Amino acid sequence: MILTVTMNPAIDTAYQLDKLIVDDVNRVAPKKTAGGKGLNVSRVLCQLGDDVVATGLLGGHMGAYMGSLMDADGINHDFTPIAGETRICLNILHEGNQTELLESGPEISAEELAAFSAKFAELVAKADCVTISGSLPKGVPADFYAGMVAEAAKHNVPVLLDTSGASLDAALEAEVKPTLVKPNLTEINALLGTSYTPEQVTDLAAALKADERFAGIPWVVVSMGAAGSFAFHGDKIYRAVTPPIPAVNATGSGDSTIAGFAHAIAAGADDVTVLKTANTCGKLNAMDPQTGHLVIERWDEVYNAVEVTEL
Ligand code: ADP
């Protein structure tokens, strides 16, 4: 079983408009999805045929609705109830633009967090792999993910951590390291205080190798959108390039990449298979108009065209 963690989920509501008229009425047909990065990971894992359990925090009427959306998607879920309402995020697609209104989400109490930690300890003991995605809600300390990594390590369960900012910093500084981190190029430049481009991948790889904070993390992956990714695994450095098929909607490609890593790592695959699987998932998501959804019928075509080389 692969356990996905979404601490700050959202009901994603998308509105498609020909034109957004400001200061007037716009009539819209909403499309509502169980959202948050970990839910994208869960949906892709379901497409890959994995046994998935989604966990995290859910509250109020919106939380109950979110549960029914996950049921409709066939995602098994076991979330800890909280008093606050699960947030709603609005995504207005208009004239080639994407205007987003993102609620910050509820504040979490110490009791709710303790209840979640107890549930996580129970679920992780049964998992083959854990993915942790996205930001922490208000009231949760920045080192909370680091604590979850340590709990998973007690059971030798690999943890794939996809977060940024203070919660990533805390996980990098902790004694027990995650199995994989996957900052994108923007996130890694923010962390290093640099401005590397995909063309400077060798310099970026050298800077990362020299950075103490990444020492001891088995897989360090930097995803670079259309430019693919590069990854360290132990002493090896790999570059992965995806085929030049036009992207339709790359939102959720990073989450799909994490799903691919979880799928392949849980199956005990070799490095090249792990990287080809992850990059195929990212690319197939970018080719699909839906977020966190693969054009699965083109799997073989893309998988065979993804190139992985050792640098
Ligand atoms: P994030 O969503 O976390 O910012 P990226 O945008 O770097 O992540 O995308 C993750 C992976 O998905 C990339 O490494 C690549 O394999 C694939 N990918 C993303 N966008 C595209 C694109 N436009 N064309 C081809 N592949 C893409």
Side-chain angles (χ1 to χ4, degrees), residues 4 6 8 12 35-45 47-48 89 91 96 98 100 102 131-135 160-165 167-168 178 180-191 195-201 204-205 208 219-233 237-264 271-296 298-299 301-309 311:
T4 68
T6 315
N8 203 5
D12 283 338
K37 289 163 66 65
L39 270 305
N40 293 336
V41 177
S42 309
R43 254 189 300 277
V44 172
L45 285 170
Q47 276 195 292
L48 297 176
C89 291
N91 184 1
Q98 188 164 331
E100 297 188 43
L102 309 181
T131 70
I132 302 178
S133 308
S135 58
L160 282 46
L161 179 63
D162 185 11
T163 188
S164 55
S167 55
L168 176 60
L180 179 147
V181 292
K182 189 217 71 65
N184 63 25
L185 195 57
T186 310
E187 289 162 347
I188 200 67
N189 274 323
L191 199 111
S195 51
Y196 289 113
T197 62
E199 289 70 40
Q200 297 167 305
V201 62
L204 172 51
L208 273 179
W219 281 97
V220 178
V221 182
V222 176
S223 67
M224 302 185 292
S229 61
F230 76 91
F232 290 99
H233 187 211
I237 308 178
Y238 298 97
R239 178 81 174 89
V241 178
T242 60
I245 304 168
V248 179
N249 173 16
T251 310
S253 280
D255 305 331
S256 304
T257 300
I258 287 289
F261 274 114
H263 175 81
D271 289 5
V272 172
T273 305
V274 166
L275 290 163
K276 279 180 78 101
T277 305
N279 282 274
T280 300
C281 288
K283 178 78 210 186
L284 287 176
N285 176 76
M287 289 161 60
D288 195 310
Q290 297 174 71
T291 298
H293 196 268
L294 312 186
V295 189
I296 198 83
R298 294 182 72 180
W299 179 275
E301 172 197 348
V302 172
Y303 185 89
N304 293 329
V306 169
E307 284 175 20
V308 175
T309 46
L311 290 181

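Start at 1 and go down the list; that is how both ligands and their atoms are numbered. Numbers here simply count residues along the sequence, with the first being 1. Source: prediction; values computed, not measured.
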### Query
Got a second to check how far Thr131's OG1 is from Leu45's CG, nearest 0.5 Å?
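Spacing of OG1 (Thr131) from CG (Leu45) equals 6.5 Å.
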### Query
Does Thr6 have any side chain to side chain contact (heavy atoms under 4.5 Å, CB included) partners at least two apart in sequence or in another chain, and if so, which?
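Side chain to side chain contact (heavy atoms under 4.5 Å, CB included) check on Thr6 returns Pro9, Leu39.
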### Set of side chain to side chain contact (heavy atoms under 4.5 Å, CB included) partners for Leu311, sequence neighbours left out
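In terms of side chain to side chain contact (heavy atoms under 4.5 Å, CB included), with neighbours along the sequence ignored, Leu311 is linked to Ile237, Arg239.
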### Residues which pass side-chain hydrogen bond (donor to acceptor under 3.5 Å, both in side chains) with Thr197, listed by chain and number, not counting sequence neighbours
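With neighbours one apart ignored, the set is Glu199, Gln200.
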#### Entry: Aromatic ring pairing Trp299/Tyr303, orientation class (parallel under 30°, perpendicular over 60°, tilted between)
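Parallel, since the angle between the ring planes stays under 30°.
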### Query
Tell me, which residues have any heavy atom less than 4.0 Å from some atom of ligand 1?
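Lining ligand 1: Lys182, Asn184, Ser223, Met224, Gly225, Ala226, Gly228, Ser229, Thr242, Ala247, Ala250, Ser253, Gly254, Thr257, Asn279, Gly282, Lys283, Ala286.
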### Message
Between Lys182 and Asp162 (side chain of the first, backbone of the second, donor and acceptor by atom type, cut-off under 3.5 Å), is there such a pair?
### Response
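Not at all, since once roles are kept as given, no pair shorter than 3.5 Å links the two residues.
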